[in-house]
Amino acid sequence: MTNEQADQTIPTPQMLWSLADQSYPFGSPWNLQQFQQDLQNSNSRYLFRYGKTNQELIGFLCFQQVLDEAELFNVAVLPAYQGQGLAKELLKRMETIVEQTDGRRIYLEVRVSNLQAQALYLRMGYTVIGRRKKYYSHPEEDALIMEKKVGGQKSNE
């Protein structure tokens with residue numbers, strides 16, 4: 001687990017779940033136990049965004065990278081701070097880390113109804129490469145699989 005802002009307290013699983021639950025239209029895609037397990041996973045990386053007081057957690061992103069492939073699992077920003085470019089900032093930080101560690105591809109899944117997130121990912125160079133039927137529950141919904149090639153790859157590789 002990585003916290004790039006060492007002067008802040010590392011969030012607890014409860015804090016992450018609560019922030020995610022408030023941030024996603026249908027509540028957190030992960031339950032508390034999943035956050036607990038992920039925080040203990042040595043492959044998991046977390047990037048945090050704090051408010052002006054440096055104590056209020058207002059956003060986070062979590063991903064895993066194995067060899068040259070990374071997968072984005074969650075990016076969450078509190079509703080009061082959405083639309084201010086914080087998710088884009090977290091994504092750029094993740095992409096930099098992936099590139100610096102010889103990553104070549106980043107994958108993610110997004111709800112087909114989450115047009116706001118899809119628009120952000122498309123603006124940042126992600127492309128739709130597939131669809132997972134009934135991937136999400138509560139409510140049941142398909143996921144789009146998106147990919148971004150990083151590390152100087154050309155689009156035809």
Side-chain angles (χ1 to χ4, degrees), residues 1-66 68-128 135-136 138 141 143-151:
M1 179 178 62
T2 298
N3 176 7
E4 293 194 343
Q5 297 178 337
D7 55 329
Q8 286 89 19
T9 304
I10 295 174
T12 64
Q14 178 65 43
M15 291 168 66
L16 295 173
W17 177 85
S18 178
L19 193 151
D21 199 52
Q22 295 173 63
S23 301
Y24 289 98
F26 298 108
S28 177
W30 284 9
N31 61 39
L32 182 59
Q33 182 179 13
Q34 288 172 297
F35 279 109
Q36 290 169 332
Q37 291 171 343
D38 195 57
L39 284 166
Q40 295 171 0
N41 184 329
S42 62
N43 290 322
S44 295
R45 305 277 308 258
Y46 279 78
L47 305 177
F48 304 118
R49 183 61 161 84
Y50 294 88
K52 293 180 181 178
T53 66
N54 283 335
Q55 296 301 316
E56 178 193 15
L57 181 67
I58 60 173
F60 74 91
L61 177 149
C62 65
F63 71 102
Q64 290 183 6
Q65 183 174 346
V66 177
D68 65 347
E69 293 184 353
E71 184 169 359
L72 171 65
F73 292 112
N74 281 292
V75 58
V77 175
L78 287 174
Y81 296 92
Q82 292 177 4
Q84 299 178 28
L86 301 180
K88 182 177 180 179
E89 172 191 314
L90 289 166
L91 286 163
K92 284 183 176 182
R93 287 171 53 197
M94 175 195 65
E95 290 172 4
T96 298
I97 292 167
V98 170
E99 287 179 339
Q100 290 173 344
T101 54
D102 298 322
R104 299 178 59 81
R105 287 181 171 76
I106 300 170
Y107 296 97
L108 63 88
E109 288 94 9
V110 61
R111 281 183 180 272
V112 295
S113 65
N114 193 343
L115 301 178
Q116 184 177 0
Q118 289 175 45
L120 171 63
Y121 299 139
L122 290 169
R123 282 193 308 271
M124 293 190 67
Y126 290 79
T127 57
V128 176
Y135 182 76
Y136 292 104
H138 310 292
E141 187 172 2
L144 296 179
I145 306 166
M146 300 184 84
E147 173 193 47
K148 181 174 184 176
K149 295 177 181 176
V150 296

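What you are looking at is a predicted structure, and each value in this text was computed from that prediction instead of being measured. Just the heavy atoms: all of them, side chains too, but no hydrogens, waters or symmetry mates, feed the values below.
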Are any non-hydrogen side-chain atoms of [X] and [Y] less than 4.5 angstrom apart?
{"X": "Tyr126", "Y": "Val110", "result": "no"}
{"X": "Phe63", "Y": "Ile106", "result": "no"}
{"X": "Gln36", "Y": "Leu32", "result": "yes"}
{"X": "Thr127", "Y": "Lys149", "result": "no"}
{"X": "Leu39", "Y": "Leu16", "result": "yes"}
{"X": "Ser23", "Y": "Gln82", "result": "yes"}
{"X": "Val75", "Y": "Tyr121", "result": "yes"}
{"X": "Phe26", "Y": "Tyr136", "result": "no"}

Qualifying residue for salt bridge (charged side-chain N to carboxylate O under 4.0 Å, His left out) with Arg105, from Glu71, Glu99, Glu147: Glu147
Rounded to the nearest 0.5 Å, what separates atom [atom1] in [X] from atom [atom2] in [Y]?
{"X": "Leu19", "Y": "Arg49", "atom1": "CG", "atom2": "CZ", "value": "12.5 Å"}
{"X": "Leu47", "Y": "Glu89", "atom1": "CG", "atom2": "CD", "value": "10.0 Å"}
{"X": "Leu86", "Y": "Leu61", "atom1": "CG", "atom2": "CG", "value": "12.0 Å"}
{"X": "Lys148", "Y": "Arg104", "atom1": "NZ", "atom2": "CZ", "value": "15.0 Å"}
{"X": "Leu78", "Y": "Glu56", "atom1": "CG", "atom2": "CD", "value": "6.5 Å"}

Heavy atoms of other groups near Gln116 CD, more than 12 under 6.0 Å: no
Taking all non-hydrogen atoms of both residues into account, name the closest pair between [X] and [Y] and its distance.
{"X": "Leu57", "Y": "Phe48", "value": "CD1-CB, 3.9 Å"}
{"X": "Asp68", "Y": "Asp102", "value": "CB-O, 3.6 Å"}
{"X": "Tyr81", "Y": "Ile58", "value": "CE1-CG2, 3.4 Å"}
{"X": "Asp21", "Y": "Ser28", "value": "OD1-N, 3.0 Å"}
{"X": "Trp17", "Y": "Phe35", "value": "CA-CE1, 3.6 Å"}
{"X": "Gln118", "Y": "Ser113", "value": "NE2-N, 4.2 Å"}

Criterion side-chain hydrogen bond (donor to acceptor under 3.5 Å, both in side chains) on Tyr24 and Asn74, from CA distance to verdict: CA-CA 10 Å; Tyr24 289 98; Asn74 281 292; 3.1 Å; yes
Lys88 and Arg123: CA distance, side-chain angles, deciding distance, side chain to side chain contact (heavy atoms under 4.5 Å, CB included) verdict: CA-CA 10 Å; Lys88 182 177 180 179; Arg123 282 193 308 271; over 6 Å; no
side-chain hydrogen bond (donor to acceptor under 3.5 Å, both in side chains) between Gln14 and Ser18, intermediate numbers included: CA-CA 6 Å; Gln14 178 65 43; Ser18 178; 5.2 Å; no
Residue pair Leu72, Leu91: steps toward the side chain to side chain contact (heavy atoms under 4.5 Å, CB included) verdict: CA-CA 9 Å; Leu72 171 65; Leu91 286 163; 3.7 Å; yes
Verdict with reasoning, Gln64 to Asp38, per side chain to side chain contact (heavy atoms under 4.5 Å, CB included): CA-CA 10 Å; Gln64 290 183 6; Asp38 195 57; 3.3 Å; yes
From CA spacing to verdict: side chain to side chain contact (heavy atoms under 4.5 Å, CB included), Leu90, Arg93: CA-CA 5 Å; Leu90 289 166; Arg93 287 171 53 197; 3.6 Å; yes
Glu69 side chain to Val66 backbone, donor-acceptor under 3.5 Å: no
